[in-house]
Amino acid sequence: MDGTSIVTIERHIIEAERKYPDASGAFSNILTDMALAAKVISRQVNMAGLVDILGRVGRRNVQGEPVQKLDVFAQDVIYRAMDHTGHLCCMVSEELEDPIPIPDSFPAGEYVLLFDPLDGSSNIDVNVSIGTIFSIHRKVSDSERGTLEDCLQVGRKQLAAGYVVYGSSTMFVYTTGHGVHGFTLDPSIGEFILSHENIRIPEPPNRYYSVNEARHSEWDPGMRRLLEHFKSGGDGEGAFSARYIGSLVADFHRTLLRGGIFMYPGDRSNPDGKLRLLYESSPLAFIAEQAGGRASTGREDVLDVVPTSIHQRTPLFLGSREFVDEADGFLSQG
Ligand code: AHG
Ligand code: MN
Ligand code: MN
């Protein structure tokens with residue numbers, strides 16, 4: 001596509017589907033439905049200060065974290081955009097303990113959607129960028145309605161992954177294994193327009209490290225040495241700068257466009273860290289690899305981790321390949 005074409009996300013998905021004859025329309029429809037849900041959530045996020053949607057709903061989600069009203073809204077919007085389409089056999093949401101069945105009144109399909117409806121909840125009330133993350137797998141069980149086996153698939157088998165970042169503009173970024181493509185929402189026409197085709201993490205990367213240093217005293221010695229390594233300029237070519245927004249999607253979006261490394265390591269009290277494998281680390285790992293980067297647990301590629309439970313957590317080192325490789329080196333020294 002030349003630089004002057006107006007390409008909506010729907011058109012981009014259809015053209016991608018044409019290129020890959022084995023791609024079924026169902027898969028494209030899931031992505032299109034996700035874009036619709038993103039538009040609805042974006043509108044609500046941008047009105048959050050005006051509509052009484054701020055603050056907590058007074059309960060805690062399966063992670064034990066206080067649930068913010070926008071979390072509930074985003075969860076509900078995605079569910080209602082997806083439950084009746086006949087493309088999904090089940091869903092997994094960060095907000096719900098168990099896999100979400102497709103109501104018997106609706107047909108079930110061949111795909112599984114796993115998602116974090118609203119990422120960066122602690123930033124909702126202070127007008128800092130937040131996001132949505134999703135991952136799509138193909139159903140592998142013989143069951144019509146989807147089972148835990150369909151949800152617990154290794155990241156390398158993902159068919160698609162994406163995120164929405166609700167920031168100074170709303171962007172929808174996705175991959176189906178054929179590059180990473182970004183679309184910016186034009187709210188005046190309600191369309192996501194192709195604005196970042198074939199995103200590649202810059203080489204040489206900007207030298208950013210992104211980590212919550214408050215947990216420094218809890219880290220393993222290898223992690224502490226890694227941070228000192230970056231603080232002292234890494235392997236050369238200039239000093240690092242620290243950037244940490246506290247919304248994974250926003251920290252990753254910057255890393256994707258500028259380079260650097262995002263880190264959420266394990267520590268003494270949380271050996272597996274905080275971030276969830278299936279609907280945070282794994283989809284962003286797929287995107288990072290498709291953009292020329294890497295994602296590691298510090299011991300292995302995130303995409304090779306075989307899940308054992310739907311809300312399991314994993315340490316995460318994500319971004320420019322050279323920096324993630326360095327992280328593995330320091331962490332393997334223990
Ligand atoms: P969520 O709002 O979906 O629970 O995700 C919050 C995550 C992630 O967005 C961010 O990187 C991390 O929490 C920040 O954790 P700390 O506040 O411990 O740094
Ligand atoms: Mn999250
Ligand atoms: Mn969340």
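In each ligand, atom 1 is the first atom listed, and ligand 1 is the first ligand listed.
Using a cutoff of 4.0 Å between basic side-chain nitrogens and carboxylate oxygens, Arg156 and Glu289 are scored as salt-bridged. A salt bridge is absent between Arg80 and Asp83; no separation between the charged side-chain nitrogens and carboxylate oxygens falls under 4.0 Å.
Only protein N, O or S atoms were considered, and those under 2.8 Å from the Mn ion (ligand 3) are Glu94 OE1, Asp116 OD1, Leu118 O.
Contact annotation: for Ser247 versus ligand 1, heavy atoms closer than 4.0 Å belong to the backbone alone. Of the heavy atoms in Leu248, both backbone and side-chain atoms come closer than 4.0 Å to ligand 1.
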- Query: What's the verdict on ring-ring contact (aromatic ring centres under 6.0 Å, His included) for His311 and Tyr279, showing C-alpha distance, side-chain angles and the deciding distance?
  - Reply: CA-CA 8 Å; His311 297 297; Tyr279 42 77; 5.7 Å; yes

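Checking only distances, Gly120 does come within under 3.5 Å of ligand 1, N or O to N or O. Backbone and side-chain nitrogen or oxygen atoms of Asp119 are examined, and one is located within less than 3.5 angstrom of a nitrogen or oxygen of ligand 1.
Shortest distance from the Mn ion (ligand 2) to Glu280 is reached at OE2 (N/O/S atoms only).
For Leu148, the side-chain contact (heavy atoms from CB on, under 4.5 Å) test picks out Pro99, Leu152, Ile310, with sequence neighbours left out.
The distance between the ring centers of Phe240 and Phe323 falls below 6.0 angstrom.
Taking 4.0 Å as the cut-off, Leu118 counts as a neighbour of ligand 1 on heavy-atom distance. Using a 4.0 Å heavy-atom cutoff, Ser122 is absent from the residues neighbouring ligand 1.
Put simply, the side chain of Ile30 does not reach to within 4.5 Å of the side chain of Thr85, judged on heavy atoms.
Comparing Lys274, Gln63, Arg276, Glu280 against atom 4 (O) of ligand 1, the shortest heavy-atom distance belongs to Arg276.
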